[in-house]
Participant: 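I'd like to ask you about the structure that follows.
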Number of protein chains: 2
Amino acid sequence: MSEPQTTSGVADDAAAEVPWLSTAEQRAWRQFLEGTMRLNDVLHRDLERDCGLSLAEYEVLVRLSEAPGRALRMSVLAASLAHSRSRATHTVRRMSERGLVQRVACPGDGRGVNCVMTEEGFALLVASAPAHVRSVRRHLVDRLTAQEFLTLGACLDKVAQACRAGAEP
Amino acid sequence: MSEPQTTSGVADDAAAEVPWLSTAEQRAWRQFLEGTMRLNDVLHRDLERDCGLSLAEYEVLVRLSEAPGRALRMSVLAASLAHSRSRATHTVRRMSERGLVQRVACPGDGRGVNCVMTEEGFALLVASAPAHVRSVRRHLVDRLTAQEFLTLGACLDKVAQACRAGAEP
DNA sequence: CGGGATTACTATAACCTTCAACTATTCACT
DNA sequence: AGTGAATAGTTGAAGGTTATAGTAATCCCG
């Protein structure tokens, strides 16, 4: 990320082997880090305050709302959220304790578990979406031109694909 | 973020009040979410595996390495990391238990605490930086054109500024 | 059919972050 | 000086995430 400031030159050997980041790149990288962190923070806080949902829980509800029968297998849900299966299990357990989703055995595959959205869960999503969209607009979309925002999406999509692929050069 | 799919039209009332996201915007938003999440994940994992450091700990070392005397007051450190003071306290405590930093009373202000990098901490940063930079390049920088990357930084900087300001329109 | 490999998911514990409450010090003002 | 407000930082508990190991069902293929 950033070259350790040193008067001893001890870091220069490393710099010789690794293509370091230019000053401009370094600034861009830090801006990226801080921006994504702060955005995540504020969206999470808004959603928690206004709707009593974490970002992760909201995402679960969105995915389920779009699935046929408002149901998704745990593994599919986890993959679609880019979460570990373990994380999905915990999140869904907490949500089911609140009555937002239900877990039912997967017909046809005894190993599988289907996560189904309850009416209550759907109602909460419907009630929460406007405030959340407003928040996303206010903190992200409205800060950029339409073109910038779409470019942002395209860039991060390339990154996501590389990460998914394991990111060999 | 995304309009709940509904056949009942129950969400349309909300949509009437809130400027929803267009299909293209929605795609961009999800790409952004997934990309930042996966990038964060893979960078964290790489750093942890190669160097035994979390991203947060690495950032602490970077900030300290750039500070005069390789020391920073806790509150300055926390602000510069965009972390809560509490989080900074915990992180620094763990790092000091490993001998990477030291906490010393702040001369001139009895309330303050200075966090000072040890030689060991500096050595670990120097040893870790090359692998981390490689990781950032591989997963982010090299996936984009130079122009795209700088634009990315500029966009997230606008977002960060808005978040810092409290984001009134 | 049957036994090993694979897949699907869960449980436990360790770790990190957040939150709220708390102590100590300094500042502002009379 | 003296008191109330603000600042600096820590603490401990609660909650979420990750890692690891475990159980159960299915698949594969001889």
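Side chains included, hydrogens not; waters and symmetry mates left out as well; all remaining heavy atoms used. Convention: sequence-line order gives letters A, B, ...; per-chain numbering from 1. Bear in mind that the values here come from a model prediction, so they are computed numbers and not experimental data.
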Participant: On DNA chain D, compare the nucleotides closest to A/Arg111 and B/Ser86; which residue's is nearer the 5' end?
Facilitator: B/Ser86

Participant: Please determine if A/Glu25 and A/Arg30 form a salt bridge, counting it only when a charged side-chain N lies under 4.0 Å from a carboxylate O.
Facilitator: no

Participant: Hey, is the side chain of B/Arg85 poking within less than 4.0 Å of OP1 or OP2 on D/dG9, counting only N and O atoms?
Facilitator: no

Participant: Rounded to whole angstrom units, what separation is found between the CZ atom of A/Arg87 and the P atom of D/dA19?
Facilitator: 12 Å

Participant: Assuming nearest nucleotide by heavy-atom distance, tell me which of B/Cys106 and B/Asp41 is located more 5' along DNA chain D.
Facilitator: B/Cys106

Participant: If only side-chain N and O atoms of B/Arg94 are considered, is one of them under 4.0 Å from the OP1 or OP2 phosphate oxygen of C/dT17?
Facilitator: yes

Participant: Considering heavy-atom distances to DNA chain C, does A/Val113 or A/His44 have its closest nucleotide positioned more toward the 5' end?
Facilitator: A/Val113

Participant: Rounded to the nearest Å, what distance is computed from the NE2 atom of residue A/His90 to the P atom of nucleotide C/dT12?
Facilitator: 10 Å

Participant: Can you tell me how far P of D/dA8 sits from CZ of B/Arg103, to the nearest Å?
Facilitator: 16 Å

Participant: For the pair made of CG in A/Leu72 and C1' in C/dA8, what is the distance, rounded to whole Å?
Facilitator: 15 Å

Participant: For B/Asn114, does its backbone N or O pair with a side-chain atom of B/Arg103 as donor and acceptor, under 3.5 Å?
Facilitator: no

Participant: Looking at every strand, decide which applies to B/Thr91 at a 4.0 Å heavy-atom threshold: base, sugar-phosphate, or nothing.
Facilitator: sugar-phosphate

Participant: Is the closest side-chain donor-acceptor distance between B/Arg87 and B/His90 under 3.5 Å?
Facilitator: no

Participant: Have a look at A/Thr89 and say if it touches a base, only the backbone sugar-phosphate, or nothing, with a 4.0 Å heavy-atom cut-off.
Facilitator: base

Participant: Taking 4.0 angstrom as the limit, do B/Arg63 and B/Glu57 come out as a salt bridge?
Facilitator: no

Participant: Please determine whether a side-chain nitrogen or oxygen atom of B/Ser75 lies at a distance below 4.0 Å from atom OP1 or OP2 of D/dG9.
Facilitator: yes

Participant: Could you state the interatomic distance from OG (B/Ser80) to CG (B/Leu64), rounded to the nearest 0.5 Å?
Facilitator: 8.5 Å

Participant: Quick one: A/Asn114 CG to C/dC9 P, roughly how many Å, whole number?
Facilitator: 8 Å

Participant: When you get a sec, tell me which of C/dC9, D/dT10, D/dT18 is the closest nucleotide to the side chain of A/Met74?
Facilitator: C/dC9

Participant: Give a yes/no answer on whether the side chain of A/Arg73 brings an N or O atom under 4.0 Å of OP1 or OP2 in C/dC9.
Facilitator: yes

Participant: Between D/dA14 atom C1' and A/Glu97 atom CD, what is the distance in whole Å?
Facilitator: 15 Å

Participant: To the nearest angstrom, how far is A/Glu48 atom CD from D/dA14 atom P?
Facilitator: 17 Å

Participant: Please give, in whole Å, the distance from C/dA24 C1' to B/Asp109 CG?
Facilitator: 11 Å

Participant: Tell me whether the OP1 or OP2 atom of C/dC19 has a side-chain N or O from A/Arg45 closer than 4.0 Å.
Facilitator: yes

